[in-house]
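Okay, so here's the structure we're looking at.
Note that the structure is a prediction, hence the values are computed from the model and not measured. A, B, ... follow the sequence lines: proteins, then strands. Residue 1 opens every chain.
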Amino acid sequence: MPELPEVETIARSLQQGGRGQGALPGRVIRSVRLFWERTLAEPGKEEFMKHLPGQRVIEVTRRGKFIVIRLERDWLLIHLRMSGDLRVEAVASKPQPHDRMLILFEDGAGLFFNDTRKFGRVWLLTDPQSILGKLGPEPLDEAFTAREFHTRLAARKRQLKPLLLDQTFLAGLGNIYTDEALFLAHLHPLASSNALSQGQASRLLGSIREVLNEGILHNGASIDWVYRGGDFQNHFHVYQRTGEPCPVCGKPIERILVGQRSSHFCPVCQSV
DNA sequence: AGGGAAACCCGAACGC
DNA sequence: TGCGTTCGGGTTTCCC
């Protein structure tokens with residue numbers, strides 16, 4: 001579940017060396033190995049091999065669900081998608097099952113990209129804005145106001161659920177966090193975005209921030225058997241709790257399909 | 001413009 | 001036991 005909190009956690013650990021000895025900044029790339037090429041590397045294997053070796057890592061940050069690695073000349077963007085994970089080894093050992101890429105550094109350290117379901121992607125770019133520029137605002141950015149959020153919601157006429165999942169509208173929310181935020185805000189996933197009052201928009205932004213911060217606190221969620229360290233899955237209010245009593249009113253949680261995505265909500269607390 | 005569907009993947013969890 | 005089928009997560013692309 002490569003949603004914002006986990007990406008945030010990994011980016012932080014990569015910067016601070018949290019996972020083992022993983023501080024990337026300062027390290028110089030020696031070589032790159034791709035164990036899976038078909039959809040992993042953009043623009044392609046040849047470009048990676050040609051341009052990455054010799055470049056020093058400057059810093060590691062995050063934008064939306066992307067992990068952003070700034071190199072001396074280029075930029076590396078990593079999207080973990082569903083089952084992706086990053087692992088840093090001070091002395092790179094041999095690849096493990098489902099490892100898709102290894103970036104080997106001159107001092108022997110290695111950054112492994114492991115991804116069971118092969119959904120993840122890595123981009124090598126001279127200008128990261130070609131991708132990051134399309135993203136909507138950061139919900140955790142304090143400069144992003146509830147008033148601005150309300151304006152953006154009112155400018156569209158869409159079901160709340162798909163709109164919140166739209167990364168160009170707001171960056172970083174996935175299916176879990178959207179369901180949880182809508183529940184906390186007492187809003188129905190099918191409610192129309194342009195029907196929200198300023199107060200409802202404010203409450204929704206507050207709920208989004210609460211859910212994201214809670215996810216970060218718990219190191220993200222490990223659901224669908226893909227374990228990646230977090231335990232936020234033990235704190236869901238509605239997600240994957242179909243039929244269980246609503247923690248607020250006791251009515252069974254319902255599950256519907258919205259924009260092909262499963263959506264969990266309380267039919268009483270979240271009226272349209 | 002909004003919404004639906006399919007495609008990309010895999011392994012768990014099911015049905016028979 | 002061993003098949004086959006379904007499912008779901010994020011995103012892009014195509015179509016109405």
Side-chain angles (χ1 to χ4, degrees), chain A residues 1-8 10 34-44 62-67 77-86 96-101 113-123 125 128 130-136 139 152-182 188-196 208 211-212 215 220-230 232-233 236 238-243 253 255-265 272:
Chain A
M1 179 70 16
E3 300 196 347
L4 191 148
E6 182 176 1
V7 174
E8 151 74 24
I10 290 175
L34 291 173
F35 311 112
W36 162 255
E37 297 163 34
R38 189 156 163 236
T39 56
L40 173 63
E42 304 253 358
R62 176 194 65 77
R63 175 76 172 92
K65 299 180 186 179
F66 292 86
I67 291 169
L77 298 189
I78 300 178
H79 197 311
L80 301 173
R81 296 278 171 92
M82 301 299 310
S83 52
D85 200 5
L86 292 176
Q96 298 296 305
H98 309 305
D99 276 346
R100 310 300 182 193
M101 180 181 74
F113 181 95
N114 184 284
D115 185 15
T116 307
R117 290 184 183 169
K118 298 181 176 175
F119 264 32
R121 295 280 172 86
V122 183
W123 292 261
L125 305 161
S130 60
I131 288 180
L132 302 183
K134 298 170 185 167
L135 295 176
R152 282 179 80 82
L153 286 165
R156 309 293 294 275
K157 188 174 183 175
R158 294 190 59 187
Q159 299 166 331
L160 277 184
K161 177 77 189 270
L163 185 58
L164 292 177
L165 287 173
D166 183 345
Q167 302 299 300
T168 66
F169 177 77
L170 191 67
L173 289 184
N175 207 34
I176 294 173
Y177 296 91
T178 305
D179 277 7
E180 293 294 311
L182 286 173
H188 196 284
L190 291 175
S192 190
S193 62
N194 66 340
L196 294 207
I208 289 169
V211 164
L212 289 178
S222 299
I223 61 157
D224 201 14
W225 67 265
V226 181
Y227 179 74
R228 283 181 308 198
F232 186 48
Q233 68 276 14
F236 295 158
V238 289
Y239 187 77
Q240 281 188 348
R241 301 187 71 117
T242 312
I253 298 300
R255 176 184 181 275
I256 58 173
L257 230 45
V258 184
Q260 299 186 99
R261 311 303 306 283
S262 70
S263 302
H264 313 75
F265 67 102
V272 182

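Within the 4.0 Å cut-off from OP1 or OP2 of B:dG3, at least one side-chain nitrogen or oxygen of A:R158 is found. For C:dT11, the OP1/OP2 oxygens have no side-chain nitrogen or oxygen of A:R261 closer than 4.0 Å. For A:H98, a side-chain nitrogen or oxygen approaches OP1 or OP2 of B:dG11 to under 4.0 Å.
Judged by a 6.0 Å distance limit and a 45° cone about the ring axis, A:R241 is not positioned over the six-membered ring of A:F236.
Taking every side-chain heavy atom of A:T39 into account, B:dC8 is the closest of C:dG10, B:dC8, B:dG4. With B:dG11, C:dG10, B:dG2 as the candidates, the nucleotide lying closest to the side chain of A:K157 is B:dG2. The side chain of A:Q167 lies closest to C:dT11, out of B:dG2, C:dT11, C:dG10.
Aromatic ring orientation, A:F232 versus A:Y177: parallel (interplanar angle below 30°, classes split at 30° and 60°).
Rounding to whole angstrom units, CG of residue A:N114 and P of B:dC10 are separated by 13 Å. A straight line from CG of A:L160 to P of B:dG2 spans 13 Å, rounded to a whole angstrom. Whole-Å rounding puts the A:K65 NZ to C:dT12 C1' distance at 13 Å. What separates NZ of A:K118 from P of B:dG11 is a distance of 9 Å, to the nearest Å. In this structure, CG of A:D115 is placed 13 Å from C1' of B:dG11, rounded to the nearest angstrom. Remark: C1' of B:dC10 and CE of A:M82 are 10 Å apart, rounded to the nearest angstrom. Separating the CZ atom of A:F119 from the P atom of C:dT11 is a distance of 11 Å, rounded to the nearest angstrom. Computed from coordinates, the A:L135 CG to C:dG10 C1' distance equals 13 Å when rounded to whole Å.
A:R121 comes within contact range of no nucleotide atom at all, as no heavy-atom separation falls under 4.0 Å.
Residues A:D85 and A:N114 have side chains that never bring a donor and an acceptor to within less than 3.5 angstrom of each other.
Nearest-nucleotide positions on DNA chain C for A:L165 and A:L257 put A:L257 closer to the 5' end. Between A:W36 and A:Q260, the residue anchored closer to the 5' end of DNA chain B is A:Q260, taking for each the nucleotide with the nearest heavy atom.
When all heavy atoms are compared, the tightest approach of A:S193 to A:L163 is CB-CD2, 3.5 Å. Scanning both residues, A:P189 and A:L182, for their nearest heavy atoms gives CA-CD1, 3.8 Å.
Below the 3.5 angstrom threshold, one finds no donor paired with an acceptor across the side chain of A:R117 and the base of B:dC9.
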